[in-house]
Amino acid sequence: MTPVGEKPLTKNMRPDGSAVGIRAYEQAGGYQALRKVLRGGTTPKAVIDEVKEANLRGRGGAGFPTGQKWSFVPQGKDAPNPTYLICNADEMEPGTFKDRLLMERDPHQLVEGMIVSGFAIEADVAYIFLRGEYVLAADRISRALREAYDAHYLGKNILGSDYSLELYLHLSGGRYMCGEETGLLNALEGKRANPRSKPPFPPVVGLFGKPTVVNNVETLCCVPHIMNHGAAWFRALGRTQDAGTKLFGASGKVKRPGLWELPMGTTIREILEEHAGGMRDGVTFRGLLPGGASTDFVTEEHLDTPMDFTAMTKIGSRMGTGTMIVLDDQTCPVGMTWNLTHFFARESCGWCTPCWSGLGWAERILKAMEDGQGQPGDLDKLASQAKMWGPGATFCALAPGAAEPLQSALKCFRDDFERHIREKRCPWR
Amino acid sequence: MPLEVAVATVHVDGKTYRMNADENLLHGCLSAGLNLPYFCWHPALGSVGACRQCAVKQFKDEDDQHGKIVMACMTPAAEGTRIAIRDPEAVAFRAAIIEGLMLNHPHDCPVCDEGGECHLQDMTVMTGHDYRRYEFDKRTFRNQDLGPLVNHEMNRCIQCYRCVRYYRDYAGGRDLNAFALRNTVFFGRHEDGVLENAFSGNLVEVCPTGVFTDKTLKRHYTRKWDQQFAPSICVHCGLGCNIDVGEHCGTVRRIVNRYHHDVNGYFLCDRGRFGYEFVNSHLRIREPLLKGKGVSAETARRHLHERLGSGKAIGIGSPRASLESNFALRTLVGADRFYSGMADNEATLVARMIDILRRVSLRTPTLHEVEESDAIFILGEDVTNVAPRLALALHQSVRQQPIEIAKTLHIPLWMDHGVRDAVQDRKGPLYIATPYATVLDEIATATFHAVPDDLARLGFAVAHALDSQAPSSGNFPLAPEIAHALKHARKPLIISGPSCNSEAIIQAAANAAMSLGAPLSYTAPECNSVGATLMGANPLSAAFRAVMNAEADTLIILENDLYRRAPRADIDALLNATPHLIVLDHLVNPMLHNAELVLPSGTFAESDGTFISSEGRAQRFFQVFVPHGDIQESWRWLGQSFWQTLDDVLAAMAAALPQLAPARDAAPSAQFRIAGAKVPRSSHRSSGRTAVSANITVSEPKPPDDPDSPLSFSMEGAPTHPPGALIPFVWSPGWNSIQATNTYQQEIGGPLRGGDPGVRMFEPAANGRSYFNGIPSAFEPRNDEWLLVPMYYIFGSDELSLSAPGIAELATRPHVAVNAGVLAEGEDVEVYCAGATFRLPVRIRPDLPRGVAGLPVGVRPITGLDLPAWGRIVRIT
């Protein structure tokens, strides 16, 4: 039986926006997964296998199979310790606000997810690396952690078992690069948030040189539900071969910007028109970035594509974080592209040449174009820059992410760019 | 490649190469002589993959037509790898990287000191990028004043991160860092100020652009292509680092590192790099002086021989003068009338050290071998201030044991950040026992600060803990820990030396080394202390007696300020009692008052000669320019009647002193040629040669002849790379910067082609293990007296470098250091020691033991004291 309409991630959330406290969380079935897993008989490997079987993939944007990532961590008595589990809560992708919802409204879901996941990888210490600007989430997570410690869900010998876990909340000083897995590790170590090359991978050389797994907030929130209801249940929640539900969002000039928990594989059109209510009166649809700033524009012709890890790549885009930024006809595509490129250029850590040099150049070209000073040849310069930011050409995925909106905007809205140059002005101003 | 290296077959642009399989592709391609551009990789720093300049196309197999861009520096040279450097996409990519780097670059080559030896220039030309498309503003920075040695010009920065990686990771410095982000990264200090690290000068070679340049060169700037160079040896300590000296129009302009795989590698210390300015100093003795008046060389020589005619002339040699100059004096006055230039204590210690090194059964390690050592015990030496380059090697030694972690995780050692992330802050065992806290203490496992006698006792205790046959000296809690660390190391090392003026320390270190069978390294105070000792001489005190007893009526002093060897009163008495004093030296010094005849002696830059380093390596230094006027080599002043050329001196020395015969082979003789041609000191682009003296005479002067070496004072000569001992400067087509060093190595980072120069003079004997048992008694402080110990300063304790303005600015001022007590910082006191009184300000040093005070070595007027010694300190009321 396909469970339709099940919303495990958001089921506890209240319309008034208040956080679910520990008692209410427990009453709604919270911490049952933890109890189940710590009862004698469940091994860490069994949890990993279940999560693998459930086909849970990372919801931070990259979509790496979670169980597989966990299996890279050395296990057993002779494994180096401590082992670390880190929740990447440094949500800074423009247009993305899904993790914020999860942390503000139901923080215990994340905490339980982390403890169960920590058990699976035999982690000794866990961190929530939280975007510093998320002050409300910081407040609510702090309280949730205190409640969890008091209830013996954290600390030494959790619920009287052999498993111990210390879980700390760390507030980031602020920078997009801290949301990059290895940039996060360096930031947490107190160093500059430059990325690391891989190999070695974090499960081998991670935080302070120890085995480490970094997972997204939403990914970790799925884990208790998988342990409660099983892998098959989780797979059945999705409409396509990708499993589970997903928080999808929409921003831009739509009637109802927001977030909805929907089955994986829901089409773009359904999210845009049914849930977000379609475009506001007076504006028409031109395109959207389906998964935050670092995804390629999707236009009308592809709106029936399912939002999952696989189908989106076939149309030359990505699901990314699943929160879409919608472009309307009253908004300048060049201005939007400049806005995004400006963000990436500003956030470049300054490590690898194509990114720190090229993003700044592209940003200036776009700004000039917007100010009516675009030159013939600018589009070629932009295109060749975007090519320089391919994966492998750069050190990490920041610049490749910047390349996606830029090169797809040049494809989808080329006429608009050319008008800026020809007319020496932004026609939208 | 050496036999024990794993070899991989790698295909590059369709050709097959054998590469070192433990290395990365960039290393392999450069070693194979292929031109692949790079910035952030450095042979001593490894790969980090930041700049993206070394991009190549990698193909999965023969059928893969598409391939993907990878960074050669980050890709292992694995068996069967296929790459293309000349792939059009890779070529375009590399040119685009240069374009990206040049976006914000000021393009100020004409006024930039780096121009002509700039790695950025070379790589730009190599990639073929030559057209500027960027039309917007450039980001700019405010530069910092980083002190008198290193200049800062941040606008030229290409954000390769080499500076901070070298300064912080390799050299252990902390006051240089990366600030800000994106295209506005700033490399500098948190505020203006002198760079604190003693190896900051290497930034000028590590930086591939003109951000960090030699500030001393700037004041008398000449382009590299216009400088005349010669291979030389640093004179500022006993380690014998190899250098190239650059001059123009008769003044030395700067010192550059001369790569030597076993000695200094790629790096120098700041004293060695910037101390050269004494050669240009206004304090140079520039003409012969007879009774204070300038005379001709002819007159001076005649006077010298008149004085020798009396048959009562004696000579005092020098541990900073060459073997040839010392030998010339010895020959001139006769072996029995030739005296050591070192104070008796020091001479005895150095002799004892050499004797021990020839007795223990393991090699005296090279500096490279020190880097590879994995557990170190330093007994008595303030290494950073006494043998600075050795301290830089020790920063690498403490990485050896922790790096094993990276090996077990299969992280290649050249993947620098991967290794450092795995290793974190771990350090291998380093134990330091000195009278006062040293700079290296901050990377030490444990330290022990005590008076020299107690340091010796610790050393004896360590030996006893390693071998109960070695004599015991009592209970030292640290001794078993040190012994354990040394015993369980793969390559332990004991370091000691004469700095504490303690024979017991020398012997304790020897016991420790013998008990373990470990290598033993002794520092030497000056650039030829070891050479002068091997030559042999009568003790200096005997020279004093000879003069005071009127057995000698003429005293010839070679390159030696005796006021640094004995208390002032003693030297005053000696000089006053000397009927005829003859002095040869470079710089004016107080002895000149009493000198009847002064002969202007050529410095290292104006002479050829041989020094023997603390490692026992005989190395040749060559003249870079013919000295002005009547200045000439000391050996020529003294030996002109016996010999014509340097080779003549060396032949005579080998015959007279067979123990020094191997020193002849430190470099090829003056007869050496490459295809019939000499080795040019100037580059083939040397310009203005004919115009330089056109204002004096239009006729181009004939270049001076050089009978002493196979080098010529010319830009003409053999165009190929000379052997290691004769490399005046590094250059290859397309490689104008110091990076051209790559093209002189068999394999990048390895030995020079044809071998690294110098001859090791002592090798270990068969198993000698007889322990010393002169164990001193424990220190007992005195109520009314202080034990004054010597304290060393990299800027301040070396005589010659003090006449370099930059060094002088940084040099320590006279002071007395005491533990906190009743005395206040900065307060003036009177220090009484050995009959002399000094008025000095106090510096509080809480690391000094109770009852112990420190005096800076070599700092006038506190020179020539035989420390440690008891003294009194009296407050001035």
Side-chain angles (χ1 to χ4, degrees), chain A residues 74 80 175-177 182 185-186 189 191-202 204-211 344-361 363-365 367-368 373 375 377-378 380-381 384-385 387-388 390-396 399, chain B residues 39-40 47-53 55 58 68-71 74 76 89 92-93 96-104 133-137 139 158-161 164 177-186 402 405-406 408-412 415-426:
Chain A
R175 258 335 353 157
Y176 180 57
M177 264 309 295
T182 60
L185 294 176
N186 279 335
E189 285 189 20
K191 299 177 179 150
R192 287 173 64 83
N194 291 138
R196 300 177 179 180
S197 66
K198 298 185 280 200
F201 291 87
V204 174
V205 178
L207 186 66
F208 302 116
K210 299 291 187 193
F344 290 116
R346 191 188 70 203
E347 295 300 318
S348 168
C349 75
W351 180 246
C352 80
T353 311
C355 178
W356 64 256
S357 184
L359 289 182
W361 190 7
E363 191 256 330
R364 291 206 165 173
I365 294 174
K367 180 84 178 26
Q373 276 151 24
Q375 306 284 338
D378 276 354
D380 287 336
K381 285 180 195 161
S384 65
Q385 274 307 304
K387 268 183 69 184
M388 288 294 288
T394 58
F395 194 87
C396 83
Chain B
F39 289 107
C40 61
S47 309
V48 289
C51 69
R52 318 311 276 175
Q53 186 61 68
Q58 181 172 20
K68 62 173 176 151
I69 296 273
V70 298
M71 299 305 131
M74 296 295 273
E89 214 187 305
F93 185 90
I97 292 293
I98 292 284
E99 179 174 42
L101 296 175
M102 297 307 281
L103 246 49
N104 283 291
R133 298 189 295 166
Y134 184 77
E135 289 166 352
F136 301 100
D137 292 344
R139 58 97 180 95
I158 57 168
Q159 289 179 208
C160 73
Y161 291 84
V164 287
N177 215 334
F179 298 89
L181 73 169
R182 63 183 96 93
N183 56 9
T184 53
V185 173
F186 180 88
I405 295 166
T408 48
L409 294 173
H410 306 293
I411 302 170
M415 192 170 271
D416 187 44
H417 281 176
V419 172
R420 289 183 189 273
D421 286 334
V423 165
Q424 296 278 314
D425 291 334
R426 290 189 195 83

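Labels below follow one simple rule: chain letters A, B, ... track the order of the sequence lines, proteins then strands, and each chain is numbered from 1. Keep in mind that this is a model prediction, so the values were computed, not measured.
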How many angstroms lie between CD in B:Gln424 and NZ in A:Lys210, if you round to the nearest 0.5 Å? 8.5 Å
Identify, with sequence neighbours excluded, every residue that meets salt bridge (Lys or Arg N to Asp or Glu O under 4.0 Å) alongside B:Asp421. A:Arg196
Checked B:His410, B:Glu99, B:Met71, B:Arg139 vs chain A; the most non-hydrogen pairs under 4.5 Å come from B:Glu99
Per-residue tally against chain A (heavy atom, under 4.5 Å) across B:Cys160, B:Cys40, B:Gly49, B:Gly418 peaks at B:Gly49
Side chain, backbone, both or neither: which part of B:Ile158 has a non-hydrogen atom closer than 4.5 Å to chain A? backbone
Provide the closest heavy-atom pair for B:Met415 versus A:Ser197 in the form atom of the first, atom of the second, distance. SD-OG, 4.3 Å
If I measure from the heavy atoms of chain A, does B:Ala92 come under 4.5 Å with its side chain, its backbone, both, or neither? neither
Can you tell me which of B:Ala178, B:Ala406, B:Ala180 forms the most heavy-atom pairs within a distance under 4.5 Å of chain A? B:Ala178
Measure the shortest side-chain to side-chain distance between B:Ile97 and A:Pro354 over non-hydrogen atoms and say whether it is less than 4.5 angstrom. yes
If one checks every heavy atom of A:Lys198 against chain B at 4.5 Å, the contacting part turns out to be neither
Leading residue by heavy atom contact count with chain B [cutoff under 4.5 Å; candidates A:Gly358, A:Pro200, A:Ala393]: A:Ala393
With only heavy atoms counted, which part of B:Ala422 is less than 4.5 Å from chain A, the side chain, the backbone, both or neither? both
Under a 4.5 Å heavy-atom cut-off, does chain A meet the side chain of B:Leu101, its backbone, both or neither? both
Checking A:Arg364 side chain against B:Asp137 main chain: does a donor-acceptor pair fall under 3.5 Å? yes
I would like to know whether B:Arg133 and A:Ser384 meet side chain to side chain contact (heavy atoms under 4.5 Å, CB included); could you show each step before the answer? CA-CA 12 Å; B:Arg133 298 189 295 166; A:Ser384 65; 3.8 Å; yes
So do B:Phe136 and A:Glu363 actually touch side chain to side chain, heavy atoms under 4.5 Å? no
Against chain B, label A:Arg175 side chain, backbone, both or neither, depending on which of its atoms sit under 4.5 Å from a heavy atom there. side chain
Which is it for B:Arg52 and A:Met388 under the side chain to side chain contact (heavy atoms under 4.5 Å, CB included) test, yes or no, and what are the steps along the way? CA-CA 10 Å; B:Arg52 318 311 276 175; A:Met388 288 294 288; over 6 Å; no
Is it the backbone or the side chain of B:Val48 that comes under 4.5 Å from a heavy atom of chain A, or both, or neither? both
As an exercise: rank A:Leu207, A:Asn194, A:Leu359, A:Ile365 by heavy-atom pairs under 4.5 Å with chain B and give me the winner. A:Ile365
Pair A:Trp356, B:Val185 - check side chain to side chain contact (heavy atoms under 4.5 Å, CB included), show working. CA-CA 9 Å; A:Trp356 64 256; B:Val185 173; over 6 Å; no
Atom OG1 in A:Thr182, atom NE2 in B:His417: separation rounded to 0.5 Å? 12.0 Å
So which of A:Gln375, A:Met177, A:Glu189 has the biggest tally of heavy-atom pairs under 4.5 Å with chain B? A:Glu189
Student check: side-chain heavy atoms of A:Thr353 and B:Cys51 closer than 4.5 Å: yes
Can you tell me how far the CZ atom of B:Arg182 sits from the CZ atom of A:Phe344, to the nearest 0.5 Å? 14.5 Å
Taking atom NZ of A:Lys367 as the centre, does the number of heavy atoms from other residues, nucleotides or ligands within less than 6.0 Å exceed 12? no
For the NZ atom of A:Lys387 and the CZ atom of B:Phe93, what is their distance to the nearest 0.5 Å? 11.0 Å
Counting only heavy atoms closer than 4.5 Å, note whether A:Thr394 contacts chain B via side chain, backbone, both or neither. backbone
Measuring from atom CG of B:Leu181 to atom CH2 of A:Trp351, what distance do you get when rounded to the nearest 0.5 angstrom? 14.0 Å
Please state whether the side chain, the backbone, both or neither of A:Ala345 comes within less than 4.5 Å of a heavy atom of chain B. backbone
Considering residues at least two apart in sequence or located in another chain, which fulfil the side chain to side chain contact (heavy atoms under 4.5 Å, CB included) criterion with B:Val164? B:Tyr161, B:Arg168, B:Leu176, B:Phe187
Chain A interface, residue from B:Val423, B:Ile69, B:Asn104, B:Leu103 that has the most non-hydrogen pairs under 4.5 Å: B:Leu103
